[in-house]
Amino acid sequence: MTVRTRFAPSPTGYLHIGGARTALFNLLFARHHGGKFILRVEDTDVARSTEESIQAILDGMSWLGLNWDEGPFFQSRRFDEYRKYAGELLEKGLCYRCWCTPEELEARREAAMKEGRTPKYDGRCRDRKDSPDKPFAVRFKVSGGVTSFNDVIKGTISFDNSILEDLIILRSDGTPTYNFCVVVDDATMDITHVIRGDDHINNTPKQILLYEALGHSLPIFAHLPMILGSDKARLSKRHGATSVMAYRDMGFLPHALINYLARLGWSHGDQEIFSMEEMIEKFSLESVGKSSGVFNPEKLLWLNQHYIKETPAETLVPILEPLVDELGVKSAATDPRIVKIVETLKERSKTLKEMAEGALVYFREKIEYDPKAAQKFLTPDMAELFTILIERLGGLQDFSHSGLETAFNSILEEKTIKLGKLAQPVRVALTGGTVSPGIFEMIEAMGRDTTLKRLADALGFITAQVPAA
RNA sequence: GGUCCCAUCGUCUAGAGGCCUAGGACGGUGCCCUCUCACGGCAUAAACCGGGGUUCGAAUCCCCGUGGGAUCACCA
């Protein structure tokens, strides 16, 4: 039997962190077993589903590289199918018509709550003989007994059916409801493994009963633990960004997020870094943990930095482009210096956003000095050194890291000073501050023209400081 | 509240009764490297929720307690 898994988001928002991980695990499991991964959009709630949201989810999936094999299927286009099965269940007497209105139901629920009873449909239409000429909903007859299943992740879970109520599978307007659509779809799409968040555990007994009513064999269930925020509450907006695309905009590499998500709830010994191929090869539901995990942005950052370091600068440039562009530098990606610039930033950027900010200094027309840095390093005694440096760099044949180092060293020897004495003032002259990439790699990346101009500007600044006396 | 799930360093986790003096990773701290910031290297602090069993032996199995989470719709 071919393994078939599915990811079934409802389009009422963006693809979020939790959904992405569910999709990832479904994909990994399917790929590991040489099966199919299916995408199904659960848009039965026409009022809440939006076109933008569908697009946002698709965008998020493609950005992460979570490619599906079949679909997307839309439940909104399969209403006839659901009605067909509902009709069959009605005929078999496994369902019944219910004429109670939502208002009546709501009133009874409130009354029950007030009396401290657990609100539950009383089944009053179950054996109703008349059939009023009014809209009716279709309810599923929940039988007695115990429903249990063996969850691959959580183990055996049992429910007493008495806690379940006769659920509505077709609303009075004829549209089908969630639990019914899920079962009809999973059954007709031959889904073999239902891998989803454990917030669905409570839906499972209802769905199992529906499977049985439909006469279909059960899939294997695997309920993934939830992802929590730092306060251990379910991850939500107030914990920070939860939209997958927000991470792209913050300068994360898609695989960094994938790797992070994979390790949140799943592990393979002590290994932290996984390529997609390795994840597929090593993934198994048995090594998914039972307990929920806290989303840790610090570790994501670490992984992102790791992958930035691993990625060739040439590959980074196009990904970086929109982020630099956003900061007002339109020509960065086509600047011949860009690859070298990225090289100087790779080792010190946790995100591409940070890298883009770091790149700005190479493109500025004029450098503004940090007052403290200027006061400390652009001192009158530097005028001579800067003059010499400008002259040497202007005539330097080999304007590379090693060539520059040689040039600097000869000056240091002549003046018997240490590199620090010269490097910091030059750093301030070139960047305006005291923090930057290594001085030689930076000068090489910056290029001769920009470097000389900035040194000359700094020299001007220094001499202007000297009192006319 | 009913029902269900969960419980190892701050966080992600390894751990399938003796290999545990509980390992790794992120983060923290200290040192080294060094032209600044980083990278890197080395070192270090830090956990089996509590109580009962079972067993020669329990982080691992069972029960109870406690704590956290989820879910209870003509939402999905």
Side-chain angles (χ1 to χ4, degrees), chain A residues 8-12 42-45 47-49 75 98 100-102 105-106 109 113 116-121 135-139 151 153-155 157-160 162-165 167-179 181-182 197-205 223 225-226 228 230-234 260 263-273 286-287 289-303 305 309 345-350 358 373 377 405 408 418-428 431 433-440 442:
Chain A
S10 56
T12 52
E42 312 226 313
D43 55 351
T44 51
D45 186 346
R48 291 207 305 156
S49 303
Q75 293 190 324
C98 174
C100 301
T101 65
L105 260 14
E106 183 56 34
R109 199 184 340 269
M113 300 271 263
R117 286 183 291 118
T118 310
K120 185 181 155 187
Y121 180 64
F136 58 86
V138 175
R139 277 189 194 270
D151 191 281
I153 294 169
K154 308 270 189 181
I157 302 177
S158 301
F159 290 87
D160 195 316
S162 64
I163 61 158
L164 270 25
E165 64 173 13
L167 62 146
I168 288 176
I169 61 168
L170 236 46
R171 300 184 185 94
S172 48
D173 64 0
T175 59
T177 59
Y178 172 74
N179 282 114
C181 296
V182 167
D198 68 11
D199 48 337
H200 285 287
I201 286 181
N202 293 293
N203 284 326
T204 309
H223 287 97
M226 299 271 87
L228 274 25
S230 48
D231 59 357
K232 308 257 184 181
R234 188 200 196 119
Y260 177 73
R263 278 290 285 102
L264 218 197
W266 172 75
S267 63
H268 185 266
D270 287 337
Q271 190 171 347
E272 297 287 350
I273 306 293
E286 282 68 32
S287 40
K290 294 166 188 267
S291 53
S292 43
V294 173
F295 184 81
N296 182 351
E298 292 293 329
K299 189 157 182 182
L300 208 208
L301 237 21
W302 170 73
L303 276 163
Q305 182 171 30
K309 279 186 291 189
L345 266 11
K346 267 176 66 172
E347 300 278 294
R348 61 202 88 231
S349 305
K350 284 189 192 310
F377 295 109
E405 194 167 359
F408 267 67
K418 298 217 176 195
L419 179 57
K421 173 74 177 149
L422 183 56
Q424 275 307 77
V426 169
R427 177 166 281 117
V428 176
T431 70
T434 53
V435 174
S436 86
I439 201 78
F440 305 123
M442 178 171 66

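In what follows, chains are A, B, ... by sequence order, proteins preceding strands, each numbered from 1. None of the values given here were measured: they were computed from a predicted structure. Reckoned from all heavy atoms, side chains included, excluding hydrogens, waters and symmetry mates.
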Give a yes/no on whether any side-chain N or O of A/S172 is located under 4.0 angstrom from OP1 or OP2 of B/C74.
no
Starting at CG of A/L164 and ending at P of B/G2, how long is that distance when rounded to a whole Å?
18 Å
Think A/R234 has a side-chain N or O under 4.0 angstrom from the OP1 or OP2 of B/G68?
no
Would you classify A/F408 as touching base, sugar-phosphate or nothing, given that sugar-phosphate means primed atoms plus P, OP1 and OP2, and contacts are heavy atoms under 4.0 Å?
nothing
Once you apply the 3.5 Å cut-off to both distances, tell me the Watson-Crick or G-U wobble partner of B/A70, or none.
B/U3
Given atom CG of A/D231 and atom C1' of B/U11, what is their separation to the nearest angstrom?
14 Å
Pairwise 5' ranking along RNA chain B for A/S10 and A/E165, keeping only the more 5' one:
A/E165
Span that lies between the C1' atom of B/U3 and that of B/C9, in whole angstrom
33 Å
Are OP1 or OP2 of B/A73 and a side-chain N or O of A/K120 less than 4.0 angstrom apart?
no
Qualifying residues under side chain to side chain donor-acceptor pair (under 3.5 Å), relative to A/R427, sequence neighbours excluded
A/Q424, A/S436
NA contact type, A/C100, heavy-atom cut-off 4.0 Å: base, sugar-phosphate, or nothing?
base
Between B/A14 atom C1' and A/Q271 atom CD, what is the distance in whole Å?
13 Å
B/G1 P sits how many Å from A/R109 CZ, rounded?
20 Å
Does B/G69 have OP1 or OP2 sitting under 4.0 Å from an N or O in the side chain of A/K232?
no
Output the rounded distance in Å from CD (A/E347) to C1' (B/U36).
16 Å
All salt bridge (charged side-chain N to carboxylate O under 4.0 Å, His left out) counterparts of A/E347, not counting sequence neighbours:
none
Could you tell me which nucleotide pairs with B/G10 by Watson-Crick or G-U wobble geometry, both distances under 3.5 Å, or answer none if nothing does?
B/C26
Would you measure the distance from the P atom in B/C26 across to the matching atom in B/C49 and give it in whole Å?
24 Å
Distance, P atom - from B/G69 to B/C12, rounded to whole angstrom
14 Å
Would you kindly give the CG-to-P distance between A/D199 and B/U71, to the nearest whole Å?
6 Å
Round to a whole Å and report the spacing from CZ of A/R348 to P of B/A38.
10 Å
Give a yes/no on whether any side-chain N or O of A/R263 is located under 4.0 angstrom from OP1 or OP2 of B/G24.
no
Using atom CG of A/N296 as one end and atom C1' of B/G28 as the other, report the distance to the nearest whole Å.
13 Å
Is any side-chain N or O of A/T177 closer than 4.0 Å to OP1 or OP2 of B/C74?
no
